[in-house]
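As the structure is a computational prediction, the values presented were derived from the model and not from experiment. Throughout, a chain's letter reflects where its sequence line sits, starting with A, and its residues are numbered from 1. Note that these values count all heavy atoms, side chains included, but never hydrogens, waters or copies made by symmetry.
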Amino acid sequence: MTLTFSLETTNVELINNLFIYFLVVAAIIFFLVVFYIFYYLYKYNSEKRPDLPEQREGSVKVEIFLTSLATTITAVFVYLTISTMGKVQNIPENPEPFLQITGHQWWWEAKYPNSGVTTANQIHIPVGKKVLLQLNSADVIHSWWVPELGRKMDMIPGNTNYMWLYADKEGEYLGTCSEFCGQAHARMRIRVTAQNPKDFEAWQTQQLKPVATSENSNFIEGKRLFEQKTCTNCHAINGTPYQANIGPNLTHFASRKRFLADMKINNKENLKEWLEDPQKVKSGAHMPNFIFSKKELNALVTYIHNLK
Amino acid sequence: MSLYIKMPEENEPLPSLKRARGKLLWISSVDHKQLGIMYLWLALFFFIIGGLQAMIIRAQLSWPENHLVSPEMYSQIFTMHGTTMIFLVLMPALIGLGTYLIPLMIGANDMAFPRLNAFSFWMTCMGGVLLYFSFLAGGGPKAGWFNYPPLSEMNYTSTAGVDYYLVGLILTGIGSIGAALNFVTTVLCMRSPEMKLNMLPLFVWMMFVNAFLMLAAFPLLNSGLFLNLLDRQFDAHFFIPSSGGSALLWQHFFWAFGHPEVYILALPAFGIISEVIPVFSRRPIFGYKFVAASTVAIALLSYSVWAHHMFTVGLSNAVNSFFAISSMLIGIPTGLKVINWIGTMYKGSIRLTIPMFFAIAFLIDFTLGGLSGISFAIVPIDWQLTDTYYLVAHIHYVFLGGSLFGIFAGIYYWFPKISGRKLSKRLGKWHFWLFVIGFNLTFFLQHILGMIGMPRRIYTYPDLPYWKVLNLFSSIGAFFMFTGMAVFFWNIYTTLKKPRTVTSNPWNAWTLEWAVPSPPNLKNFVEIPPVHSRRPLWDLDHPDKPDKRLN
Ligand SMILES: [Cu+2]
């Protein structure tokens, strides 16, 4: 029988522990400072001690003692910092990312190089596996941060950054863009869905399916409008000539639970509202306002909402 | 008995605004006292504007999905709030105090370059005017106070606000460089002949060291600003990655200025505290030499810490380690200072005046801000918490709890000297308690908001657990601060209406500015009192037990 202990602490736990050590030391120092201030204020108040106090200049011994103490504490934290840093941010020589995320004003593009899946905004990862993330930006600086899954890392145009992401439990994890990136920065939130590996595989297979088709006349009309109204200048649909990358890939749009970088629940009403006037929904978004008739809108919504 | 008998002085005050051509006499003045006062008024004016912006920010964030201001307006407001408070409030307030006090404290009649002094002031003023003119020219700057490209470049921010930001800050930067040159030269060349460098009052010493920091930091900022201006106006590509530039280059420029800037705003406040605490503890500063030397250590180290603002940009672990170590090291001399200030109170006879109140608040809140600063030097913690409200809390603890409380202490302390009237203690207490309680309520909670995931610079937020209540209380705190400031203004206003009653040395202080009448005459010193130690007025008052002679 082999006894295996998992002594591996996750990156987030490592950082949390470090933060707790810091908090304890900081709290002690702060307490001492506050204590001595109030104690002296009380004890050496001029009402109690109206006489002129002795004019002393200080004490070299005290200074040296306290400086050495401070230096020792600092040395401990330097050690902890450097060792933790090495554990959290140990990127292999030739990184092979599991997931590539590109920040756009104000949405996230996600690519899985191994499987070829491309999606946006709702990002899936398998649980129990450290996944290597590659981060880029298509325009301005963004910053990827899902506090429960790992560190924060900036996405800088012209640079490529890597970091580890790890979820030990299934579920939805919230995060946010953490570098001011313009008007809709507040609306650039992240939702990561961590699934058990089987569900994750199923999700990937589903994302790789060719784009949905239908004989429904509304669907066909919607598809025609989608191509005619220049939507395809910005949005990609896999398996078609339309491969633009200004807006999110819509091939399997309807399979996502939320859209607009976690801003809205993905249902027909919200979608309609968005297409009716994008600026009203997400002020600043780089999608123009098309003026559609009711019929056109219905057709478009039917089309997009069947892109499962 | 004192051997020094003061010569009678004729009374020639600063020109009154009411007098014929009084306004002209102020505008065209090259007198350091008048310029110092104008700096302080400038700071006060912009403090009102920056404060109102802060109130709008807190009102907007009081609850989730609030629609008080549009996202676009919000970006302009928070950008201008930061820019205003740093470049148009804290800088002029501290430079103003320095301009007013340095000559008086070293026994000089004016700065070394009086006309440069006026030039610096008007440059700063002009920079502020240009910055705000942007609102009439299509909208204020909206890329944050540190203006990161590519967001600040033409393709992403095409309104003229950023251009006004660049030109405005170039001007205030020139003003700051001029002021720094003046401080250095004045301290080196204009001291009373008896005053050796190691006898400088600590406020002067710190302004002196600080001036070197400014001389090295602002040219960096200005070159960065200039490059960005070239990008925007002449299609250069310094910071545009898509055409071969580097977005990170700006960050290096900006923070190589920006971190020294943090100390540029802190050191003068340290100087004020180093004057106030000894005077009101009736004891000389504990460890003058350590306080003075640690200032130099801070100044030198502050040049090797800038990349701690960039721990998340993806620098290598080796580079990050270097900046982590230097950033932690800088905590040591800073911590030493706090210890020395507390040590000064030890076995003193502490008078609880309003300046002392603010000095105490400074000690406590600045310590908290310093400690949270250390957590950012611990790189992995920075990786989680930077750019969140935890960071917002930290900078406010440093800039308000540190610099601003220092300035308040300084204003209450030197107001009698400057105006000949003491600010009301009763109103001062109201100001103090409202402001300090409000401040801690607002910003302490923001540490927690950051830890639970709230990023900075968002105009609204989803209704996640605890976000609403913490934000609401944070906003309530802001309202307390606002009320406190109203009391402060009322205090200044009513005090200025009263007659001048203050004697030359109302606090029983020891430095030379207290040897002249309050307010001082147009010509500061007819005759400089003898200076043999760091506390010339103490020696005069206590001829039986003077300080150790240093010259
Ligand atoms: Cu972003």
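- Of the atoms belonging to B:Ile452, not a single heavy atom falls under 4.5 Å from chain A.
- Among the candidates B:Thr157, B:Thr367, B:Thr344, B:Asp382, the residue making the largest number of heavy-atom pairs closer than 4.5 Å to chain A is B:Thr367.
- Panel note: side chain A:Ser46, backbone B:Ile350; a donor-acceptor pair is recorded below 3.5 Å.
- Side-chain atoms of B:Pro150 and A:Pro157, non-hydrogen and from C-beta on, do get closer than 4.5 Å to each other.
- Counting heavy-atom pairs under 4.5 Å between each of A:Ile37, A:Thr84, A:Leu66 and chain B puts A:Ile37 at the top.
- Of the listed residues B:Leu329, B:Val338, B:Asn320, B:Asn340, the one with more heavy-atom pairs under 4.5 angstrom with chain A than any other is B:Asn340.
- Rounding to the nearest 0.5 angstrom, the gap separating the CD1 atom in A:Ile29 from the CD1 atom in B:Ile374 is 8.0 Å.
- Using a 4.5 Å cut-off between heavy atoms, B:Lys545 touches chain A through its side chain atoms alone.
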Show the numbers, then the answer: is there a side-chain contact (heavy atoms from CB on, under 4.5 Å) between B:Leu363 and A:Val33? CA-CA 8 Å; B:Leu363 282 182; A:Val33 166; 5.6 Å; no
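- Looking only at heavy-atom pairs under 4.5 Å with chain B, the residue among A:Arg187, A:Glu63, A:Met153, A:Glu148 that has the most is A:Glu63.
- Between chain B and the residues A:Gln183, A:Met85, A:Glu179, the most heavy-atom pairs under 4.5 angstrom are made by A:Met85.
- The environment of B:Phe444 atom CZ is sparse: at most 12 non-hydrogen atoms of other residues, nucleotides or ligands sit within 6.0 angstrom.
- Of the options B:Tyr156, B:Phe78, B:Tyr148, a ring-ring contact (aromatic ring centres under 6.0 Å, His included) to A:Phe180 is made by B:Phe78 and by none of the others.
- Between chain A and the options B:Leu464, B:Ile339, B:Asn317, the largest number of non-hydrogen pairs under 4.5 Å is found for B:Asn317.
- Residues from residues 238-249 of chain B that place a non-hydrogen atom less than 4.5 Å from a non-hydrogen atom of chain A comprise B:Pro241, B:Ala247, B:Leu248, given in numerical order.
- The contact between B:Ile364 and chain A is made by backbone and side chain atoms together, counting heavy-atom distances below 4.5 Å.
- Ranking B:Gly144, B:Pro71, B:Pro284, B:Gly287 against chain A, the residue ahead of the rest is B:Pro284, based on heavy-atom pairs under 4.5 Å.
- For B:Thr386, the parts sitting under 4.5 Å from any heavy atom of chain A are the backbone and the side chain alike.
- Qualifying ring-ring contact (aromatic ring centres under 6.0 Å, His included) partners for A:Tyr36, counting only residues two or more places apart in sequence or in other chains: A:Tyr40.
- Residue pairs meeting the side-chain hydrogen bond (donor to acceptor under 3.5 Å, both in side chains) criterion with at least one member in residues 49-60 of chain A, sequence neighbours excluded: A:Gln55-B:Arg535.
- B:Leu385 is listed as a side-chain neighbour of A:Phe19, based on a closest heavy-atom distance under 4.5 Å.
- When heavy atoms are compared at a cutoff of 4.5 Å, B:Gln251 approaches chain A solely by way of its side chain, counted from C-beta outward.
- From B:Met345, atom CE reaches atom CZ of A:Phe38 across 9.0 Å, with rounding to the nearest 0.5 Å.
- Considering all non-hydrogen atoms of both residues, B:Leu371 and A:Phe22 come closest at O-CZ, 3.1 Å.
- When heavy atoms are compared at a cutoff of 4.5 Å, B:Asn155 does not approach chain A at all.
- With rounding to the nearest 0.5 Å, the separation of CD1 in B:Ile378 from CG in A:Leu80 is 8.0 Å.
- Between chain A and the residues B:Arg456, B:Lys347, B:Arg282, the most heavy-atom pairs under 4.5 angstrom are made by B:Lys347.
- Atom CD of residue B:Gln384 and atom CZ of residue A:Arg151 lie 9.5 Å apart, to the nearest 0.5 angstrom.
- Put simply, CZ on B:Arg457 and SG on A:Cys177 are 11.5 Å apart, with the number rounded to the nearest 0.5 Å.
- In this model, no donor atom of one side chain and acceptor atom of the other lie less than 3.5 Å apart for B:Tyr461 and A:Arg189.
- Across A:Thr160, A:Thr81, A:Asn11, the residue that shares the most heavy-atom pairs under 4.5 angstrom with chain B is A:Thr81.
- Within a 6.0 Å radius of CD in B:Glu65, other residues, nucleotides and ligands contribute more than 12 heavy atoms.
- Interface residue B:Phe311: only backbone heavy atoms are found under 4.5 Å from chain A.
- Between chain A and the options B:Pro455, B:Pro278, B:Ser349, the largest number of non-hydrogen pairs under 4.5 Å is found for B:Ser349.
- Sorted by first then second residue, the ring pair (Phe, Tyr, Trp, His ring centres under 6.0 Å) pairs that include residues 131-152 of chain A, not counting sequence neighbours, are A:Trp108-A:Trp144.
- Residue contact with chain A, scored on non-hydrogen atoms closer than 4.5 Å, is absent for B:Trp341.
- Comparing A:Asn159, A:Val88, A:Asp139 by heavy-atom pairs within less than 4.5 Å of chain B, the highest count is held by A:Asp139.
- Neither the backbone nor the side chain of B:Met310 comes within less than 4.5 Å of any heavy atom in chain A.
- Counting only distance, with no hydrogens or angles, the side chain of A:Asn161 and the backbone of B:Val313 share a donor-acceptor pair below 3.5 Å.
- Heavy-atom pairs under 4.5 Å with chain B were tallied for A:Asp154, A:Ile156, A:Leu41; the largest tally goes to A:Asp154.
- With a 4.5 angstrom heavy-atom cutoff, B:Pro149 touches chain A only via backbone atoms.
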